Amino acid sequence: MGKILFMGAHPDDETFLPGATLAKYADLGHEIYVVSATRGEAGVWADVKPNGKSLGEIRETEHRKAGTILGIKTIEYLDYIDGTLANKHVDDLVTKLKEIAEKINPDVIMTLDLLGISGHIDHIVVSLVTTKMFQEMADIKKLYYFVLPEKVTSEIFNTTGRKVWGRPENEITTTINVERWISNKVEAAKCHQTQMRDVERLIPRWLTYKYDCFVLSGSRVESKFPEEDLFTGI
Ligand SMILES: [Zn+2]
């Protein structure tokens, strides 16, 4: 069985984006690890009462509950503050991420599309950092970007007016059938009580999805496209 390490910027990134894929691979017996650059301190509270706790503390608790539902083995933080990543030096982030990744020794690393998906600059920074780490760690076999197909992002724009960055069909290398694991993603997302406004808006859309899409951004094994499994060639 293999090991997948997902690198995100915020505590809800893996659940809201490749959550169904991670739940599927955990179910298949693979080990899933998550690193989040921040605890989402700059996010919103929705209707959650602070009760003397900081937003970062509450979001970490939500994150760990969601991780249990997705079957994630460990969640670690790089301890940066939400929204500040673009002011840091990329090599410092790579060094911190590498310290964790070297302990885990993953076969596959996954991060968000370099285009940032929602356009959050933190997403673009973690994608860049993960890409640099892949270049420096020769034992990692594959690097994937989780992406949204352009047909999904244009539908989002047409129905909500919200700009989301997607990829044309011909750039997508890997499509994972996640139909059976959408319910795990939905249950995990409901743990993010502070983000409930987004969760309620997103769940009906997720329920229409059958596939998660990825771009294989780096590989040290032979790959034939299109792929239907993250471990093809390993
Ligand atoms: Zn995010």
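Computed from a prediction, not measured in an experiment: that's the story for all the values here. Every heavy atom of this structure was used, including side-chain atoms; hydrogens, water molecules and symmetry mates were not. We count ligands from 1, going down the list as the structure has it; atoms in each ligand are counted the same way.
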Which atoms of the protein, restricted to N, O or S, are nearer than 2.8 Å to the Zn ion (ligand 1)?
His10 ND1, Asp13 OD1, His123 NE2

So [Y] and [X], do their side chains get closer than 4.5 Å, heavy atoms only?
X: Gln195; Y: Leu202; value: no
X: Thr232; Y: Glu222; value: no
X: Met133; Y: Val129; value: no

Residue pair Asp27 / Trp181, side-chain donor-acceptor N/O under 3.5 Å:
yes

Could you tell me which residues satisfy ring pair (Phe, Tyr, Trp, His ring centres under 6.0 Å) with His63, sequence neighbours excluded, listed by chain and number?
Tyr77

Verdict with reasoning, Asp229 to Tyr25, per side chain to side chain donor-acceptor pair (under 3.5 Å)
CA-CA 10 Å; Asp229 178 6; Tyr25 278 87; 2.7 Å; yes

